[in-house]
Number of protein chains: 2
Amino acid sequence: MKAPHYNVPVEATLEVIAGKWKVVILCLLKEGEKRFSELQRAMPAITKKMLSQQLKELEKDGVVNRKVYNEVPPKVEYSLSEEGETLREILNMMCAWGDRRMGNTPNCS
Amino acid sequence: MKAPHYNVPVEATLEVIAGKWKVVILCLLKEGEKRFSELQRAMPAITKKMLSQQLKELEKDGVVNRKVYNEVPPKVEYSLSEEGETLREILNMMCAWGDRRMGNTPNCS
DNA sequence: CCGTATCCGGCATGATACTG
DNA sequence: CAGTATCATGCCGGATACGG
């Protein structure tokens, strides 16, 4: 754990969401709980390793909850934590901005 | 130019702002026009090469304006473009989120 | 189904020197 | 002051195999 001094406050935000796939993952989770395999299907280009890693970091940073069901076959559900919910508006706006830029009607709830 | 198909719309947004320093740069520019050296001073860890590169990409993506004054010594000012202004609210929120997470009073206008 | 472990290559980034 | 040019390097992330 480094003790970073941020020259610009937004760096504290980036520390949490700046991973290659993190914002995409969060945008999927804001739609509701999702299983590991659901996330994979929604992001065909991501590897299991990366997905696992990014989720672990998001969990460590307190924005994502991981719920394990003791079943066979295994079942794990990911969702926004309470802290993660405070990102929802930002995620919605980022999503809407991308939609608008692509010429679509914003459809990000 | 690849013709990317985005599985999640927010990827179009990330295409523009996902560089290592881009959000930090944009957050500085939302305070007003800034010269190259001002940006450097605000981000002691960035190299000239990176700063130049990230600014060039932001300009290419249409969110930053570059204004050159024909003076000696040279003077260049960067600012949010009209399109960049549409990011302002997102930037403000990201900034405020970081402030809050650090336990500061949000101070991102 | 939901991961981890290991290896490895390429590209992003850094360091440094140079220029109009 | 505001950048390029060039070279070196490290770590990010892909591929693959294995495990509970």
Side-chain angles (χ1 to χ4, degrees), chain A residues 1-2 4 6-8 11 14-26 28-29 32-61 64-80, chain B residues 1-2 4-8 11 14-26 28-29 32-61 64-81:
Chain A
M1 256 343 135
K2 50 183 169 183
Y6 300 120
N7 300 285
V8 179
E11 295 178 45
L14 295 173
E15 186 97 12
V16 177
I17 65 169
K20 188 179 185 184
W21 298 92
K22 288 183 184 174
V23 171
V24 177
I25 293 172
L26 291 170
L28 290 166
L29 292 183
E33 280 193 332
K34 288 221 183 322
R35 302 184 60 171
F36 191 87
S37 49
E38 286 183 280
L39 293 170
Q40 261 199 299
R41 250 174 287 119
M43 297 175 286
I46 198 176
T47 61
K48 283 195 279 193
K49 177 187 167 185
M50 280 309 296
L51 179 53
S52 176
Q53 189 180 110
Q54 303 272 294
L55 283 168
K56 202 174 294 181
E57 291 177 17
L58 289 169
E59 195 194 352
K60 170 172 95 18
D61 288 327
V64 159
N65 285 329
R66 180 172 185 270
K67 185 159 65 178
V68 182
Y69 296 83
N70 276 327
E71 300 177 359
V72 177
K75 178 178 169 184
V76 181
E77 292 216 316
Y78 295 90
S79 57
L80 292 185
Chain B
M1 256 343 138
K2 49 183 169 182
H5 174 260
Y6 300 121
N7 300 284
V8 180
E11 294 178 45
L14 295 173
E15 187 98 13
V16 177
I17 66 169
K20 189 177 186 185
W21 297 92
K22 288 183 183 173
V23 171
V24 177
I25 292 171
L26 291 170
L28 290 167
L29 292 184
E33 278 192 334
K34 288 218 183 325
R35 302 183 59 168
F36 191 87
S37 49
E38 288 182 281
L39 292 170
Q40 262 198 298
R41 252 174 285 118
M43 297 176 285
I46 198 174
T47 61
K48 282 196 278 197
K49 178 184 165 186
M50 279 309 295
L51 178 53
S52 176
Q53 190 180 109
Q54 302 272 295
L55 282 168
K56 203 173 293 181
E57 291 176 17
L58 289 169
E59 195 193 353
K60 169 172 98 16
D61 287 327
V64 160
N65 285 329
R66 180 173 185 269
K67 185 159 65 179
V68 182
Y69 296 83
N70 277 326
E71 300 178 1
V72 178
K75 177 176 167 184
V76 180
E77 293 214 318
Y78 293 91
S79 56
L80 292 184
S81 69

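Every chain is numbered from 1, with letters handed out A, B, ... down the list of sequences.
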* To do: Using whole Å, report how far CD1 of Ile46(A) lies from C1' of dC12(D).
  => 13 Å
* Give the rounded distance in Å between these two atoms: CD of Gln53(A) and P of dC12(D). => 8 Å
* Structure fact -> Between NZ of Lys56(B) and C1' of dG3(D) the distance, given in whole Å, is 8 Å
* **d(CE, Met50(A); C1', dC11(D)) in whole Å** => 12 Å
* Check: Tyr6(B) main-chain N/O paired with Glu11(B) side-chain donor or acceptor under 3.5 Å -> no
* Closest nucleotide among dT4(D), dG3(C), dG13(D) to the Ser52(B) side chain -> dT4(D)
* Structure fact -> Taking for Gly19(A) and for Phe36(B) the nucleotide of DNA chain D with the nearest heavy atom, the one nearer the 5' end belongs to Phe36(B)
* Side-chain donor/acceptor of Lys49(B) to base of dG14(C), under 3.5 Å -> yes
* **Selected nucleotide, minimal atom distance to Thr47(B) side chain, candidates dC2(C), dG14(C), dA2(D)** => dG14(C)
* Between residues 65-80 of chain A and DNA chain D, which residues have a heavy-atom gap below 4.0 Å? -> Pro74(A)
* Asked: Between Glu33(B) (side chain) and Glu77(B) (backbone), is there a donor-acceptor pair under 3.5 Å?
  -> no
* To do: Report yes if some heavy atom in the side chain of Ser79(B) is under 4.5 Å from a heavy atom in the side chain of Leu29(B); otherwise report no.
  => no
* **Protein-nucleotide distance (Glu38(B), atom CD; dG3(D), atom C1'), rounded to Å** => 16 Å
* **Option among Glu38(A), Arg66(A), Lys67(A) that satisfies the side-chain contact (heavy atoms from CB on, under 4.5 Å) test with Tyr78(A)** => Arg66(A)
* Asked: Any side-chain N or O of Arg35(A) under 4.0 Å from OP1/OP2 of dC2(C)?
  -> yes
* Please report, rounded to the nearest Å, how far the C1' atom of dC11(D) is from the CD atom of Glu57(A). => 13 Å
* To do: Using atom CG of Leu51(B) as one end and atom P of dA12(C) as the other, report the distance to the nearest whole Å.
  => 18 Å
* Under 4.0 Å between a side-chain N/O of Lys48(B) and OP1 or OP2 of dA5(D), yes or no? -> no
